[in-house]
**Student:** 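My structure is below; once you've seen it, I'll send some questions.
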Amino acid sequence: MEILVVGAVIMFILIYNNTIDKDKFFADNQKYLEAFKEDDYQFLVYAKYGEDVDIDQLYSKRVTNAFIVFLVILALTITGGDSAEIINSQFFLNLVLSTVIAVLVFKMPYMELKRYYKLHLHEIDVMLPYYLKSLEILIQHYTVPVAIGKSIGDAPDIFRPGLRRMIDRINSGDASVDPYMEFANTYPVRDSMRMMRLLYRLGIGSQEKKQERLMMFSKTVSSLQNKARETKYKERLSHMESQTMVMLVVTGIGVMLVILISMMMMF
């Protein structure tokens with residue numbers, strides 16, 4: 001038991017001092033460690049940090065931190081006992097405790113990314129109509145898949161991972177509505193499902209039907225833009241009202257303090 005404690009402490013020191021190359025360890029065991037990576041982890045990282053971030057480095061940091069915490073907790077909780085049975089039982093409990101805490105540490109960055117994404121769904125709701133309007137202009141000159149591909153460079157950063165995934169599925173031969181629905185599920189905001197269905201229909205049928213559907217698509221996008229403008233206006237108005245209220249409260253408190261000080265000086 002003492003050997004395990006010493007080994008855990010030594011391992012922690014070696015990793016902390018970079019004596020053990022954790023990057024090489026991660027590279028050598030990547031296929032095993034990748035099994036613990038969440039399916040939407042890459043998307044969430046891109047949504048928060050953009051597409052220039054090194055995902056492997058972030059994931060390696062998660063794994064390293066969890067492993068270090070596991071060793072530290074295990075080393076701190078292992079204690080001696082009066083018998084081999086007690087020692088084995090205590091070691092098993094400490095092992096379970098260390099594992100649970102390590103898993104929590106490993107999952108925390110992922111949960112923070114999920115929380116960030118959910119908090120920014122409102123911004124996505126406002127941005128989507130303006131992106132669709134720019135896409136509508138491209139669709140007038142190109143097919144829908146080509147227009148989507150050309151729109152990625154100018155799209156808001158948060159849409160780019162979803163757009164790349166959608167266009168990759170379309171280019172790989174998936175002619176169904178599924179790539180469009182996957183995008184709508186990735187960004188579950190107002191009317192995203194309906195807009196993706198309309199976008200899918202634009203890509204099928206004759207040129208004559210395309211013009212009719214494009215007109216319908218255009219009207220729907222314009223309606224969404226009006227709603228987005230109303231939302232922005234209400235938010236701006238609410239912000240101005242809150243600022244005015246703060247100013248009134250501060251002014252009132254200031255006047256009361258001046259009156260109180262004046263009364264005290266009179267006495």
**Student:** Look up atom OG in S218 and atom CG in L202, then write down how far apart they are to the nearest 0.5 Å.
**Tutor:**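 Separation between the atoms: 10.5 Å.
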**Student:** Show your reasoning for whether side-chain contact (heavy atoms from CB on, under 4.5 Å) applies to N65 and M108.
**Tutor:** CA-CA 11 Å; N65 290 341; M108 277 178 61; over 6 Å; no
**Student:** What pair of heavy atoms forms the shortest contact from Y142 to A147, and how long is it?
**Tutor:**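 Looking at all heavy atoms of both residues, the closest pair is CB-N, 4.1 Å.
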**Student:** Would a single hydrophobic cluster contain both V63 and I55, if residues Ile, Leu, Val, Met, Phe, Trp and Tyr are joined by side-chain heavy-atom contacts under 4.5 Å?
**Tutor:** yes
**Student:** Where do R115 and E112 land on the salt bridge (charged side-chain N to carboxylate O under 4.0 Å, His left out) test, with the steps shown first?
**Tutor:** CA-CA 5 Å; R115 194 178 304 113; E112 289 175 2; 5.2 Å; no
**Student:** Show the numbers, then the answer: is there a side-chain contact (heavy atoms from CB on, under 4.5 Å) between V45 and Q42?
**Tutor:** CA-CA 5 Å; V45 170; Q42 177 174 317; 5.8 Å; no
**Student:** What is the distance from atom CG of D174 to atom CZ of R169, rounded to the nearest 0.5 Å?
**Tutor:**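 D174 CG to R169 CZ: 4.5 Å, rounded to 0.5 Å.
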**Student:** Tell me, with the steps shown, if M196 and L132 meet side-chain contact (heavy atoms from CB on, under 4.5 Å).
**Tutor:** CA-CA 10 Å; M196 288 302 107; L132 291 174; 4.1 Å; yes
**Student:** Less than 4.5 Å apart, any side-chain heavy atom of R165 and any of D168?
**Tutor:** no
**Student:** Compare all side-chain heavy atoms of K114 with those of D40 and state whether any distance is below 4.5 angstrom.
**Tutor:** yes
**Student:** Taking the six-membered ring for Trp, are F70 and F67 parallel (under 30°), tilted (30 to 60°) or perpendicular (over 60°)?
**Tutor:** parallel
**Student:** Minimum heavy-atom separation for P129 and D125, please, with both atom names.
**Tutor:** CD-O, 3.3 Å
**Student:** Could you measure the distance from the CD1 atom of I139 to the CZ atom of R213? Nearest 0.5 Å is fine.
**Tutor:** 12.5 Å
**Student:** Is R164 close enough and on-axis enough to Y46, meaning under 6.0 Å and within 45°, for cation-pi?
**Tutor:** no
**Student:** Kindly give the heavy-atom pair with the smallest separation between A155 and R160, and that separation in Å.
**Tutor:**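 Result for this residue pair: O-NE, 3.1 Å.
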**Student:** Establish, yes or no, whether a centroid distance under 6.0 Å links the rings of Y110 and Y59.
**Tutor:**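 No, they do not, as the ring centres are separated by 6.0 Å or more.
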**Student:** Return the minimal non-hydrogen interatomic distance between R62 and P109, and the atom names on each side.
**Tutor:**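 It is CG-CG, 3.8 Å.
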**Student:** With clusters defined by side-chain heavy atoms of hydrophobic residues (ILVMFWY) lying less than 4.5 Å apart, directly or transitively, does M127 cluster with F217?
**Tutor:** yes
**Student:** Distance check, rounded to the nearest 0.5 Å: L138 atom CG versus K133 atom NZ?
**Tutor:**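 One gets 12.5 Å once the value is rounded to the nearest 0.5 Å.
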**Student:** Give me the atom names and distance for the closest heavy-atom approach of E38 to K107.
**Tutor:**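 So the minimum-distance heavy-atom pair works out to OE2-NZ, 2.9 Å.
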**Student:** Would a single hydrophobic cluster contain both M111 and Y41, if residues Ile, Leu, Val, Met, Phe, Trp and Tyr are joined by side-chain heavy-atom contacts under 4.5 Å?
**Tutor:** yes
**Student:** Can you name the closest pair of heavy atoms from L128 and S192 and give their distance?
**Tutor:** CD2-CB, 4.1 Å
**Student:** Is it the case that atom OH in Y116 sees more than 12 heavy atoms from other parts of the structure closer than 6.0 Å?
**Tutor:**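 Correct, the count exceeds 12.
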**Student:** Hey, are the side chains of M195 and V221 touching, using non-hydrogen atoms and a 4.5 Å cut-off?
**Tutor:** yes
**Student:** Rounded to the nearest 0.5 Å, how far apart are CG of L135 and CG of D154?
**Tutor:**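 The CG atom of L135 sits 11.5 Å away from the CG atom of D154.
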**Student:** Side chains of Y180 and V144: closer than 4.5 Å at any heavy-atom pair?
**Tutor:**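 When only atoms from C-beta onward are counted, V144 and Y180 do touch, with a gap below 4.5 Å.
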**Student:** For the residue pair L199 and F183, establish whether any side-chain heavy-atom pair is separated by less than 4.5 Å.
**Tutor:**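 They are not in contact (no side-chain heavy atoms under 4.5 Å apart), so the answer is no.
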**Student:** About how many Å separate CD1 of I152 and CE of M166, when rounded to the nearest 0.5 Å?
**Tutor:**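 The CD1 atom of I152 is 7.5 Å from CE of M166, to the nearest 0.5 Å.
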**Student:** Assigning hydrophobic clusters by single linkage (Ile, Leu, Val, Met, Phe, Trp, Tyr; side-chain heavy-atom cutoff under 4.5 Å), is L44 placed with F36?
**Tutor:**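 In one cluster: yes.
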**Student:** Check for me, please, whether I167 and Y131 land in the same ILVMFWY cluster - side-chain distances under 4.5 Å, paths through other members count.
**Tutor:** yes
**Student:** Angle class for the F43/Y187 ring planes (parallel below 30°, perpendicular above 60°, tilted otherwise)?
**Tutor:**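 Correct class here is perpendicular.
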**Student:** With heavy-atom distances below 4.5 Å as the criterion, would you say the side chains of Y200 and D178 are in contact?
**Tutor:**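 Not touching, per the 4.5 Å side-chain cut-off.
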